[in-house]
Amino acid sequence: MSAVPGQRRPDQRDEPSTLVESDATRSVSAKAPIYVTQPHLPPFEEFVPLLRRIWDSKQLTNGGPFHQEFESALAAYLGVNHIALFANATLALVTALQAMRISGEVITTPYSFVATSHSLLWNGIRPVFVDIDPETLNIDPLKIEAAITPHTTAIMPVHCYGRPCDVEQIQRIADTYNLKVIYDAAHAFGVETVAGHSVLRHGDLSVLSFHATKVFNTFEGGAIICPDAKTKLRIDQLKNFGIVDEVTVVAPGINGKMSEFNAALGLLQLQHIDTALQQRSEVDQRYRQHFREIAGIACLPAAADLRHNYSYFPVVVNKDFPLTRDQLYSRLRDEGIYARRYFYPLISAFPMYRGLASAAPANLPVATSAAQRILCLPIYAGLPVADQMRVIDVIRSCR
Ligand SMILES: Cc1ncc(COP(=O)(O)O)c(C=O)c1O
């Protein structure tokens, strides 16, 4: 979901939004475009002194001081032990597979952004698609075992929309068949149980994205959550060409390093993320309140027992709604509202995957149906209440 158009308007600030309309949250113009997301940025003035430090130090990359500081601060914020920062999540996924020495076949979900499966192809691994669960829209653990072959080495599930997979059941299967589990956790920044246990602590590795469209962004960026220092060291070498020291290269690594610019921004973003998450939760709550009265539009169940990150607001356009999902998508566009059909088409429908036996729509009925019926509505910190009401009013007017 990288290419989402839209700029942050100059009037937007980081004030907490409220459930009632105020001057701070009133739309600029009734017809101004509303995008599915808008990047969250700290006040510019707060970034300037950090840029000055980079200019003065002349250390731009290769694990400089901001990289070190951000890595530690992020691990503390997320409640995990070891993190390796990356230039983006796609390189992190490719490297995670290398770090675990994965080959052969990997079981994964078709209901995701293409980077999930692309990371497998970049490693010469064959993706094996397994259908999703109709409630969570994550890979269905009950269907994983039937897809395991002698070539299977790992499972790559996705915490779709930041809603956790059935991590326990997946781990049980992995333990039984001696498989690794690498989570594509691109959507799952900050998601925890109410007891404060991060969802990122499950599996062998988890990969986060800090792309501009994500809940937490460093313009571009990503990270691998590692269980121990030894694994982190291997990943740190792999993201730096496999270099150990001036004269030693131990693996055909890649250049996946995060720069000081992105790391400094990440450090600053951490100071504002809780406010942003609170604002997102208010947008989520407001949609839920209104959609209760609009027949045919179903919200996914509210995330109980979770500290959710409200990264997306998917709705299911049911048969009793007067328009199909695609008709509603077009109707919103006519009104300048750019909702997105995440995830349509399914990854398995793209040319480089559709020849695989597991990509057949008959093997993926739940994912195929979800791809036809789900629409992600605008949600971001600082979405003006009036803009959100425009979205709701257009949907209501279709009835
Ligand atoms: C599920 C998922 N995986 C991977 C990626 C790739 O992340 P990045 O853009 O940081 O490479 C994204 C989003 O862009 C995503 O949504």
Side-chain angles (χ1 to χ4, degrees), residues 1-6 35-40 70 74 83-98 106 108-123 125 127 129-130 132 136-139 154-165 181-191 199-200 203 205-225 239 254-259 261-263 265-266 269 309-314 340-348 350 353 367 370-371 374 376 379-380:
M1 274 169 289
S2 293
V4 175
Y35 297 108
V36 71
T37 192
Q38 216 175 59
H40 187 253
F70 178 41
L74 188 60
I83 292 186
L85 296 174
F86 273 78
N88 60 61
T90 305
L91 285 169
L93 285 167
V94 169
T95 306
L97 291 159
Q98 294 260 328
V106 170
T108 189
T109 169
Y111 195 74
S112 180
F113 181 62
V114 282
T116 310
S117 291
H118 279 5
S119 71
L120 300 172
L121 289 198
W122 273 83
N123 280 293
I125 296 165
F129 296 110
V130 162
I132 56 173
T136 64
L137 305 175
N138 290 322
I139 196 164
I155 308 170
M156 184 180 272
V158 177
H159 299 300
C160 188
Y161 308 133
R163 305 164 73 87
C165 294
V181 182
I182 298 176
Y183 281 102
D184 180 339
H187 302 174
F189 183 96
V191 176
V199 72
L200 304 170
L205 297 172
S206 288
V207 173
L208 284 170
S209 170
F210 308 144
H211 182 260
T213 54
K214 298 294 186 280
V215 165
F216 178 89
N217 85 81
T218 57
F219 285 17
E220 291 269 7
I224 302 181
I225 314 303
K239 77 176 187 193
I254 203 161
N255 182 359
K257 303 186 301 293
M258 178 180 274
S259 82
F261 179 94
N262 305 97
L265 181 63
Q269 293 281 49
N309 64 9
Y310 311 97
S311 45
Y312 297 87
F313 198 86
R340 295 295 295 259
R341 292 171 290 185
Y342 300 141
F343 288 98
Y344 165 84
L346 293 177
I347 299 178
S348 46
F350 290 116
Y353 300 106
I374 290 188
C376 286
I379 185 166
Y380 49 88

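Order of appearance sets the numbers: ligands from 1, and atoms from 1 within every ligand. All of these numbers come straight from a predicted model, not from anything done at the bench.
The distance criterion of under 3.5 Å between nitrogen or oxygen atoms is not met by Y312 with respect to ligand 1. Note: an N/O pair closer than 3.5 Å links T90 and ligand 1 by distance alone. Remark: ligand 1 and H187 share an N or O pair separated by less than 3.5 Å (distance only, no angle test). Polar contact with ligand 1: absent for H211 (N/O pair, distance under 3.5 Å).
Among L85, V215, L265, the one residue that satisfies the side-chain contact (heavy atoms from CB on, under 4.5 Å) test with F210 is L85.
Close contacts between ligand 1 and S209 involve ligand atoms 7 (O), 8 (P), 10 (O) [criterion: under 4.0 Å to a heavy atom]. Within the listing of ligand 1, atoms 4 (C), 5 (C), 6 (C) sit less than 4.0 angstrom from a heavy atom of A115.
For the pair L74/F189, a side-chain contact is recorded, criterion being any heavy-atom separation below 4.5 Å from C-beta on. Looking only at side-chain heavy atoms (C-beta outward), C160 and F343 come within less than 4.5 Å of each other.
Of all the heavy atoms of D184, the ones lying under 4.0 Å from any atom of ligand 1 belong exclusively to the side chain. Both the backbone and the side chain of A89 come within 4.0 Å of ligand 1, counting heavy atoms alone.
At least one heavy atom of S112 sits less than 4.0 Å from an atom of ligand 1. The shortest heavy-atom distance from G221 to ligand 1 is under 4.0 Å.
The side chain to side chain contact (heavy atoms under 4.5 Å, CB included) check on A96 picks up I182, L205, V207, I224, with sequence neighbours excluded. For S119, the side chain to side chain contact (heavy atoms under 4.5 Å, CB included) test picks out L93, V94, L97, M156, with sequence neighbours left out.
Taking all atoms of both residues into account, the shortest heavy-atom contact from A188 to V199 is CB-CG1, 4.1 Å.
Counted by atom type alone, N123 and Q98 present one or more donor-acceptor pairs between their side chains at under 3.5 Å.
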